[in-house]
Amino acid sequence: MFNAVPSPIPARMKGLNRAQICDDNWLEFVRAFQPAAQGVADRAALSDTDLLELFESQLISRHLDLMARVLRVQNKVFYTIGSSGHEGNAMVARATRHTDMAFLHYRSGAFMAERFRKLPDMDPIMDSALSFAASSEDPASGGRHKVWGSKPLWVLPQTSTIASHLPKALGTAVAIESARRVGHALPVPDDSITICSFGDASANHATAQTAFNAAAWTAHQGLPAPVLFVCEDNGIGISVKTPEGWIAKRFANMPGLDYRYADGLDLEQGFADVRAAVEHCRKTRRPTFLHLRTTRIMGHAGTDFEIEWRSIDELCRVEATDPLLRSAALILQRRLKSAAELETWYEEVRASCFAAAEAADQRPKLSKLKDIIKPLAPHSPAKVMAEARRADYAQRRLEVFGGESKLPEQQPARHLAIAINQALHDVMAKYPQTVLFGEDVAQKGGVYTVTKNLHKAFGPRRVFNTLLDETMILGMAQGFANVGMLPLPEIQYLAYLHNALDQLRGEAASLQFFSNNQYANPMVVRVAGLGYQRGFGGHFHNDNSITALRDIPGLVVGCPSRGDDAATMLRTLAAMGVVDGRVSVFLEPIALYMTKDLWEPGDGLWQFAYPAPEKAMRLGEGRLYDAKFVAGEKPRNDRKDLVIVTFGNGVPMSLRAARRIAAARKWNVEVLDLRWLVPFDPTWMLKHLEDAKRILVVDEGRHSAGISEGVITALAEHGLGKVPMARVVGADTFTPLAGAAFAVIPSEQEIVETGMQRF
C-alpha cells in the first residue's frame, strides 16, 4: 500500500475545517509529487482508461462533498453526510452492470458517479446537485430526500441505511433466481446480481445479521442468492471505533458467505480483487461478502467536529490515507497527466459541482402538501375495481379447483378460514406472478390450515416455507416485488410482526414516496392476530395492538370478520398491488377462523357463500347490519337509537350485544363493521351515522392509541361531537395467559352494560 503523508499540520490550522484541510492536502501533495524514474509495471489489473475514469468519478464525489460543506451554511443544500474516504466504491460500480440492482448506503457518491457512466447522456453532477438542493426536479426522489437513486440505473433509493436495506437486497437476489424458475419475465438480465453496500458499524446491526444468516442459510440449502454484500470498512461508526480486524474475523470464515477482500484506498491494488468478487458472485450465484477497505475523512457529517473527540495526530494519520492522494500518485507516476493538468482537472470538477449546486438552488422546491404526498399512496379506484373484478381466468380456476362442481361458489356457505383459503387459491390462479411464503405455510398448510393445499396446487416454487425470521420474510417480499412479482408473505402472529416492523414502515411503504413513485414494491402481507383465542397462547398469540400499523404512511390495512368479506377484500388488495403498487396488510382475526355460529351454538349463521370471482370490495367501504338484521324483525320506525361501530372480533360480539340491547330498550340498533382500518375513511361511516342518536365504539385494541380514538376523533371533526358517544375498549396492558386474557378485552356483557347504562 502506498502511503502518501502530507506535511504536518501547523498549529494555527488545528481548529480549521477539516474539509478545507483535506482539500489543501490534495493540492499540496500533487504540486510536490515527483514521479519515480521507473514507470509502473503491469497495467493489466488497472488500465489507464480504468484509472482515469475511476479518478474522475472519485473527483466528482469529493467535490460534491466539499460543495455541500460550503453551501450548507448558505442554506442552499441540505445534506452533508459525505463519501470522502469511500471513493474506492467507484470500483464496484465499474465492475458491475447498471442492471445489477443496487441498494446503497449514504457514502456512495463515487459509486453513483461511476454508474452514471454506464448510460449515455446522464449527468451525475447536476442530478446529484438537484438532490442536495431538495429540488422537486431531483430525478431520484423529487426533492423528498437526499438519496442515491436512479430509475434507469437500477439504484433503488434508500433513506437512512443503517442495515435496514440488507434483507431486501438479499430478497431481491433470491427473487431473481426464483422468478426465472416460475417463468416470470425479469426486468433485468437473468444473470444479474444485487449489490448492497453498508459500513462496518452497520454490520453489527440485528437487521444486518438477519440478512447474513439468511444468506448463509440459503447457500447451505443450495439455493441461488447472487447478492454482493459490500462492507465498506472505515473503522468507525460516527465516533465508535470498530475493533481492529473485527470484520475479517467475523466474516472471513462464515459458512455460506463467500468472503473476499479488496483495498478500496488503492485503485491499482483493489480493482482486480473487486472485479474478481463480482465475477464470483455472478458466476456461482452465491452470497458474496466483499470486505472493502476504506477510510473516513472530514467526519461523519458536516456537523461532526472530530477535533473535539479525536487527537490532531490521529486526524492527520487518517487524512494521510485519503484515497484521492493515491489515485493522483498513480496518474502522475504513469505520466498520464502532469501535476498542472491534474490540478486544472480538479478545479474544473470543483467549478462544475458548485455551478450545478447554484443552478439547483434556483430550481423549484416542494411547498404544497398535495405535491409532497402525491407519490405516497397512489390510488386509482376505477382501475383497481376493474382489475379486482376481472374474471377472465376461468380455465385456470377450473384447473386449480378441480372442475366446475368444485368451484368455491358452488359449495355450501363456509367459515372464515376456508373462505380465505379459497380466496388465496383464486388470487394465485389469477396472478401467475404471485408467490406465497412464510413459516409453516407449505406442506403443513399453516398452523391454522389456512394455506392448506396451496403448495400442492401451485408447487414449491410459488408456495414455500421460510426460516423463522419475520424481518427476512418481509425483506424477501420486497425482493420479489422489486422484480415485478406480487408476494403474499405470511406473518404467523401479529405480536411477531413488531420484531420486523421497520421493513414495512421504513422500507416497503416508503419506497414509492422516496422514489417519486418510480419504484414500487407491492405486497399483501397476511397477519394472523387479534385476541379471543381460547386455551392458547397469552400475549404472543393474542396480540390486539395494531397501533404501530396505523402509524405507517401509505399502508393499507384490511380486517375482515367473515368469509365473503375476506374474499372480496383480498381481491381488492391484490388489485391495488398490481395497479398502484401498494403495500397492504390483511389482518386475519384468529378467533374467527373457525367460527360458524352467530346468535346461538349450532345456528351456522356466521358462515357465508363464497362470492363469485367478479365481486370485490371498494377501499374504505364498510358493512352495515341494520336494525332489522339485528332484531330479526321489522323495525318499529326509522330512528337510529344506537349505532355500534366496530371491526374484526367485535362484529359478531357486537351483533349479539345489539340484539340484547334492542330487546331490552325497545331501540333500533345498528352495527357498522369498518372492515378497512387504514387508511381510515370517515365518509362512508359518517353517511350511516349522521342520524344516530347514540354512538358506541367497540374496539378490542387498547384504550390508548387504538382504532376507537380515530373513530371518535373523526366524528368530532365532522360535526357529530354533540352526539352522545362511548367506547368499549381493551385495557392498556399486555395480554395474560388462559382465562385472564378475557378480562383485559371487551366482552359481550360489557357492550350490553355500556349500551344500557351509559346513555
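Since the model is a prediction, treat every value here as computed from it, not as a measurement. The analysis underlying the following values was restricted to heavy atoms, covering all of them including side chains, and did not include hydrogens, waters or symmetry mates.
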query: So S405 and Q410, side chain to side chain donor-acceptor pair (under 3.5 Å) or not? Walk me through it.
result: CA-CA 6 Å; S405 64; Q410 303 296 333; over 6 Å; no
Does the side chain of [X] come under 3.5 Å of the side chain of [Y] through a donor N or O and an acceptor N or O?
{"X": "R505", "Y": "S510", "answer": "no"}
{"X": "E588", "Y": "Y593", "answer": "yes"}
{"X": "Q478", "Y": "Q503", "answer": "yes"}
{"X": "D681", "Y": "T683", "answer": "yes"}
{"X": "Q512", "Y": "N517", "answer": "yes"}
{"X": "R526", "Y": "Q492", "answer": "no"}
{"X": "D440", "Y": "N465", "answer": "no"}
{"X": "S704", "Y": "D732", "answer": "yes"}
{"X": "D426", "Y": "Y610", "answer": "yes"}
{"X": "R727", "Y": "H703", "answer": "yes"}

Basic-acidic side-chain contact under 4.0 Å: [X], [Y]:
{"X": "R390", "Y": "D392", "result": "yes"}
{"X": "E753", "Y": "R758", "result": "no"}
{"X": "R639", "Y": "D641", "result": "yes"}
{"X": "E709", "Y": "R702", "result": "no"}
{"X": "R656", "Y": "E748", "result": "yes"}

- prompt: How about K452: does its NZ atom have over 12 heavy atoms from other parts shown lying under 6.0 Å from it?
  reply: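 Open.
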query: Quick check: are there more than 12 heavy atoms from other residues, nucleotides or ligands sitting under 6.0 Å from CZ of F759?
result: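 Yes, because the 6.0 Å sphere around CZ of F759 holds more than 12 heavy atoms from other groups.
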Quick one: [atom1] on [X] to [atom2] on [Y], what's the gap to the nearest 0.5 Å?
{"X": "T471", "Y": "D502", "atom1": "OG1", "atom2": "CG", "result": "8.5 Å"}
{"X": "L598", "Y": "L605", "atom1": "CG", "atom2": "CG", "result": "6.0 Å"}
{"X": "L488", "Y": "T451", "atom1": "CG", "atom2": "OG1", "result": "11.0 Å"}
{"X": "I546", "Y": "H498", "atom1": "CD1", "atom2": "NE2", "result": "9.5 Å"}
{"X": "N421", "Y": "R414", "atom1": "CG", "atom2": "CZ", "result": "10.0 Å"}
{"X": "L376", "Y": "N516", "atom1": "CG", "atom2": "CG", "result": "11.5 Å"}

Do [X]'s NZ or CZ and the ring of [Y] fall within the cation-pi criteria of under 6.0 Å and 45°?
{"X": "R636", "Y": "W667", "value": "no"}
{"X": "R534", "Y": "F742", "value": "yes"}
{"X": "R562", "Y": "F608", "value": "yes"}
{"X": "R144", "Y": "F513", "value": "yes"}

message: Assess the residue pair M576 and L619 against the criterion (side chain to side chain contact (heavy atoms under 4.5 Å, CB included)); give the C-alpha distance rounded to whole Å, side-chain angles, the decisive distance to 0.1 Å, and a yes or no.
response: CA-CA 9 Å; M576 290 179 67; L619 177 64; 3.9 Å; yes
Taking the side chain as every heavy atom from C-beta outward, state whether [X] and [Y] have any atom pair closer than 4.5 Å.
{"X": "P589", "Y": "S561", "value": "no"}
{"X": "V583", "Y": "V556", "value": "no"}
{"X": "D565", "Y": "R623", "value": "yes"}
{"X": "W684", "Y": "L672", "value": "yes"}
{"X": "R397", "Y": "V400", "value": "no"}
{"X": "M594", "Y": "T449", "value": "yes"}
{"X": "T572", "Y": "V384", "value": "yes"}
{"X": "D543", "Y": "Y493", "value": "no"}

Indicate yes or no for a side-chain donor-acceptor contact from [X] to the backbone of [Y] under 3.5 Å, with no hydrogens or angles considered.
{"X": "R675", "Y": "E621", "value": "yes"}
{"X": "R571", "Y": "K615", "value": "yes"}
{"X": "D469", "Y": "M472", "value": "yes"}
{"X": "S747", "Y": "A743", "value": "no"}
{"X": "D564", "Y": "A609", "value": "no"}

- request: Quick one: do N649 and E700 satisfy side chain to side chain donor-acceptor pair (under 3.5 Å)? Show the steps, please.
  value: CA-CA 8 Å; N649 290 302; E700 72 168 271; 2.7 Å; yes
- prompt: So, do Y431 and Y393 have ring centers that fall under 6.0 Å from each other?
  reply: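 For Y431 and Y393, the ring centres are not under 6.0 Å apart.
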